[in-house]
*Asks:* 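Sending over a structure as structure tokens; questions will come in a sec.
As the structure lists them, so they are numbered: ligands from 1, and atoms in each ligand from 1. Everything numeric in this text was worked out from a predicted model, so none of it was measured.
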Amino acid sequence: MNNIKDYENLGSKRVLLRLDLNVPLKNGNIIDETRIIKIIPILEFLIKRNSKILIISHVGRPKGKFNKDLSLKPICDYLEKKIKTKVNFISEDIFKIKRNDLFKEPEEKVVFFENIRFYEEEEKNESNFSKHLASFADLFVNDAFSCSHRTHASVCKITEFLPSFAGLQFETEVNALKKVTIEIKKPITCIIGGSKISTKIDIIKNLIPKFNNIIFVGGMANNILSFKGNRIGKSISEKNCESIIKEIFEISKNTLCEITYPEDVLIGKSADDDAHIKDLKDIADDDLILDVGPKTLKRIKNIIEKSKTVLWNGPAGYFENPNFAKGSIEIAKTIIKKNKDNSIYSVVGGGDTVAVVNQLNSIKDFNFVSTAGGAFLEYLEGKELPGIKALN
Ligand code: 3PG
Ligand code: MG
């Protein structure tokens, strides 16, 4: 993997820079800026060397269609203030743009394209689309490690058309995760939550043989609860997961890995509601499971107490509403306490999980904080990520 920091004569070169500015948003406001902070160094690095920068990113999952709620404009404005450099936001149809339309003014340094996932070609890893993007630039830099599990045009295909390099943050994350997987101490506990069930459920069966405990929380747990015959009301869940979950439990029987999932929950009638504790048998059809309950939390804390390594991806509940942030906060605090007396090695990953840790002002109290969620889990699975492979 070539790194852009070793490239000489970047001056006047046009650099197509893939970033992951998929930050947690609430009502259009950025609620955690960690992913933005982490990419400031690459921007400063390129600006200092007089490169012309073309930023590509996505936010959310617009599925190939324009969606004004998923515009990158607010994120672009925010970034512009952070780097104190004028950024030219480009919302025009990308297919109508030609190389010579960009950087017409000599003082123009940074352009920022609208959400690349507004184009269906992106997720299809489409060749002509990638070629067109490549025509704007001289080099490609990927500083979005957290997208490297995606075989998408601006992550993978693009590397066939431009000399390609890893960015500063990309390399930091890969090196840190490499170290974690080599030096890991048992018992290892992996806490998996969040709402991207389809992204993660497939990965779990490969993680089982490597870990001593897998704890399901958040939206991830709902499918397990439903599989075990519980009602989950209106809670988020994924269709057609039964066979994967069956496999997960079967594989775990033949290993030392114990699987834990909620035995009680906090529900609301809507995401803005107050929290009510419920046992699983009492869940009503109009309930939304939004956090783990106190009995579950006690069990999770016990498991963390006995672990030497903990890897955590995905919040335990709908932490955006403080009434449902308790599970995530208590998990974080238990890990932090053990970290302070050096009795656990802790890695946390994912945009939302990092947001929880940040709310507690505790990034420094974990051994490693990765911006990556799905990519982090796939890396732990031990397979080569397509975005890394494309750079090699
Ligand atoms: C993430 O948040 O993990 C990355 O931005 C990738 O997002 P995705 O899961 O929607 O592909
Ligand atoms: Mg995310």
*Asks:* Should the ring pair W312 and F366 be called parallel, tilted or perpendicular, given that the plane angle runs from 0 to 90° and is split at 30 and 60?
*Replies:* tilted
*Asks:* Quick test of your reading of the structure: of E123, H152, H58, K200, whose heavy atom lies closest to atom 6 (C) of ligand 1?
*Replies:* H58
*Asks:* Closer than 4.0 angstrom: is that true for some heavy atom of S146 and an atom of ligand 1?
*Replies:* yes
*Asks:* What about R117: any of its N or O atoms under 3.5 Å from an N or O on ligand 1?
*Replies:* yes
*Asks:* Between T199 and ligand 1, is there a nitrogen or oxygen pair with a distance under 3.5 Å?
*Replies:* no
*Asks:* Need the ligand 1 atom indices (1-based, order shown) with element for anything under 4.0 Å from a heavy-atom of D20.
*Replies:* 4 (C), 5 (O)
*Asks:* Need the ligand 1 atom indices (1-based, order shown) with element for anything under 4.0 Å from a heavy-atom of N22.
*Replies:* 1 (C), 2 (O), 4 (C), 5 (O), 7 (O)
*Asks:* Give the atoms of ligand 1, by number and element, whose distance to some non-hydrogen atom of K196 is under 4.0 Å.
*Replies:* 1 (C), 2 (O), 3 (O), 7 (O), 8 (P), 9 (O), 10 (O)
*Asks:* Report yes or no: is the cationic atom of K228 (NZ for Lys, CZ for Arg) under 6.0 Å from the centre of the six-membered ring of F249, at an angle within 45° of the ring normal?
*Replies:* yes
*Asks:* Below 4.5 Å, heavy atoms only, C-beta onward: do F95 and F129 meet side chain to side chain?
*Replies:* yes
*Asks:* Can you name the side chain to side chain contact (heavy atoms under 4.5 Å, CB included) partners of T296, sequence neighbours left out?
*Replies:* P262, E263, D264, V292, I300
*Asks:* Tracing side-chain links under 4.5 Å among I, L, V, M, F, W and Y, which residues wind up in one group with V155?
*Replies:* none
*Asks:* Need the ligand 1 atom indices (1-based, order shown) with element for anything under 4.0 Å from a heavy-atom of R61.
*Replies:* 8 (P), 9 (O), 10 (O)
*Asks:* Nearest 0.5 Å, please: how far is CG in N367 from NZ in K179?
*Replies:* 8.0 Å
